[in-house]
Amino acid sequence: MKRGEIPLDGPFDLRLTLESGQSYLWWREDGASYGSTDADTRYLTTTRAGDDPAPAPIRVHRDGDTVVWESTFDAGDVVRRRLGLDDDLGTVRASTPDDDLVEEAFDAHWGLRIVRDPPFGGLVSFICSAQMRVARIHGMQQRLRETFGTPVELDGETYHAYPTPDQLAAASEQELRDLSLGYRAPYVRDTAEMVANGSRPGEVRDEPYEEARETLTRYVGVGQKVADCVLLFSLEYLQAIPLDTWMRQMIEEYYPDCDRGSYADTSRALRDRLGGEYAGYAQTYIFYHLRTQ
DNA sequence: TACCAGGAACGGG
DNA sequence: CCCGTTCATGGT
C-alpha cells in the first residue's frame, strides 16, 4: 500500500465537500449514507490509474493541515484534482458579488470545494439524481458499485469499484430496477451503452460552455440541469449553474429579475449575477446553505 | 394518505 | 418552442 500527505494551503472541509450533494462516487468507511451530520470518518472511492485499465481504490482522511491518502498507486495528483485542492478559494470568493446571500453562504460553509468526478460516474450518478434525495442517490451508486463493479483490494479489505460503461451496458433494465433506480433504469442502461460504444462525455471539454451543455443532453436521461451538474462537478466548467428546484426558488426570492423564462436565458442571467467565471462555486455554496436551513 | 425529492421524455397545441 | 402529463420509489 502506498500513502502520502497533501499539505493544505487554504480552507478545506472534507465532509462538506463530499456530502453536500455534488459527488456520489465516494463512500464513508463507516458505511453511513450521505447527508447525515455524523462525525467524520475516512472516505473511499475508486479510479483508473493512468493507462492501467484496472480500477484502483483510494482512501482519504483529514489530518491537521494535510489530507492523507492511501492507495495501491501514487494517487496524490488524482486526490488533489478530485477534491479541488488546487482551487484558490480566495480568488473564487473575490470574483463573486458582495451580496448578502452569497457572503452568508460562503461564511457558513467555508472550506467546501467543487469536486471533479470521473465523467462516466458523474454522468450516471446525476442521471439517477432526478426527483431524488441526496441519501438515496448515494445509496443507488453504492448498490451499482457492489452489484456490477470489479472487486479491488486495499490493505486486506475488499471493495467494489464503480462500474465501467461496459459493465452497466450489460445490465438489464430489470436488474437496474431491482436496485431501486425506478424510471431512471432505462436511462442509465441506454446511456451506458452509448458510452460503451465510444461516445465519451469528457470529449465535450473541447466545446464552449453552452454548446457543451447541449451536447451532453444527447445522452438518455440528461436534460439541461443534469448536463450542468456534469459540467460543474466532473468537467471543470466552474461557471456552470445547475437550475434545480432549489435554485429556481432562490431566483424567485432573491434574484427575480434573473428569471427570463427559458432555462438558457435564466441560466445566463444568473451566471452573470454570480460573477461569471466561478458562478458554479457560488451556486454550490448557496444550494447547500438553502438546503440546510 | 397525500405529497415530495438537485427532472426528463413525450405528446399535443 | 412551450406546455401538461407521466414516470418509480421511499420517506414524512
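This one's a predicted model, so the numbers in the text were calculated from it and none came from an experiment. In what follows, chains carry the letters A, B, and so on, assigned in the order in which the sequence lines appear, proteins first and then strands, with residues in each chain numbered from 1.
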Indicate whether any N or O donor in one side chain lies under 3.5 Å from an N or O acceptor in the other, for [X] and [Y].
{"X": "E193(A)", "Y": "N197(A)", "result": "no"}
{"X": "S23(A)", "Y": "D117(A)", "result": "yes"}
{"X": "Q141(A)", "Y": "Y162(A)", "result": "yes"}
{"X": "D228(A)", "Y": "Y209(A)", "result": "yes"}
{"X": "Y43(A)", "Y": "E19(A)", "result": "yes"}

Base, sugar-phosphate, or nothing: which does [X] touch, judged by heavy atoms less than 4.0 Å apart?
{"X": "Y263(A)", "answer": "nothing"}
{"X": "Q249(A)", "answer": "nothing"}
{"X": "G223(A)", "answer": "sugar-phosphate"}

So how far is it from F126(A) CZ to C229(A) SG, rounded to the nearest 0.5 Å?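 Between atom CZ of F126(A) and atom SG of C229(A) there are 4.5 Å.
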Nearest 0.5 Å please: distance from the CG atom of L231(A) over to the CZ atom of R205(A).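 Interatomic distance, L231(A) CG to R205(A) CZ, rounded to 0.5 Å: 10.0 Å.
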With a 4.0 Å cutoff (strictly under), does any side-chain N or O of S262(A) reach OP1 or OP2 of dC1(C)?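 For dC1(C), OP1/OP2 do not have a side-chain N/O of S262(A) under 4.0 Å.
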Do the side-chain N or O atoms of Q131(A) get closer than 4.0 angstrom to the phosphate oxygens (OP1, OP2) of dG7(B)?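 For Q131(A), the contact criterion (side-chain N or O under 4.0 Å from OP1 or OP2 of dG7(B)) is met.
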Separation of [N] [atom2] from [X] [atom1] (nearest whole Å):
{"X": "Y219(A)", "N": "dA9(B)", "atom1": "OH", "atom2": "P", "result": "14 Å"}
{"X": "W246(A)", "N": "dC4(B)", "atom1": "CH2", "atom2": "P", "result": "13 Å"}
{"X": "I137(A)", "N": "dC4(B)", "atom1": "CD1", "atom2": "P", "result": "18 Å"}
{"X": "L216(A)", "N": "dG7(B)", "atom1": "CG", "atom2": "C1'", "result": "16 Å"}
{"X": "E173(A)", "N": "dA8(C)", "atom1": "CD", "atom2": "C1'", "result": "11 Å"}
{"X": "H289(A)", "N": "dG6(B)", "atom1": "NE2", "atom2": "C1'", "result": "17 Å"}
{"X": "M140(A)", "N": "dG7(B)", "atom1": "CE", "atom2": "P", "result": "12 Å"}
{"X": "R133(A)", "N": "dG7(B)", "atom1": "CZ", "atom2": "C1'", "result": "15 Å"}

Evaluate whether the aromatic ring of F287(A) and the six-membered ring of the dG6(B) base sit under 5.5 Å apart, centre to centre, with an inclination under 30°.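 It does: the two rings, one from F287(A) and one from dG6(B), meet the stacking criterion.
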Any residue in residues 100-125 of chain A with a heavy atom nearer than 4.0 angstrom to DNA chain B? Just list them by number, or reply none.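 The stretch gives none, as no residue of it lies under 4.0 Å from the strand.
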With nearest nucleotide decided by heavy atoms, which residue, V222(A) or C229(A), maps closer to the 5′ end of DNA chain B?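 This one resolves to C229(A).
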Distance check, [atom1] atoms only: [N] and [M], in whole angstrom units.
{"N": "dG6(B)", "M": "dC2(C)", "atom1": "P", "value": "27 Å"}
{"N": "dG11(B)", "M": "dA8(C)", "atom1": "P", "value": "15 Å"}
{"N": "dA5(B)", "M": "dC3(C)", "atom1": "C1'", "value": "22 Å"}
{"N": "dG11(C)", "M": "dA8(B)", "atom1": "P", "value": "24 Å"}

Sidechain N-carboxylate O distance under 4.0 Å for K2(A), E70(A):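 Salt bridge absent between K2(A) and E70(A).
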Taking only heavy atoms on the protein side, list every residue of residues 179-195 of chain A lying under 4.0 Å from any atom of DNA chain C, sorted numerically.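 S180(A), G182(A), Y183(A), R184(A), in order of number.
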Between Y288(A) and H109(A), is the ring centroid distance below 6.0 Å?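 Centroid distance Y288(A)-H109(A): below 6.0 Å, so yes.
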For H138(A), the option from Y34(A), W27(A), W26(A) that meets ring-ring contact (aromatic ring centres under 6.0 Å, His included):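 Checked Y34(A), W27(A), W26(A) against H138(A); only one passes ring-ring contact (aromatic ring centres under 6.0 Å, His included): Y34(A).
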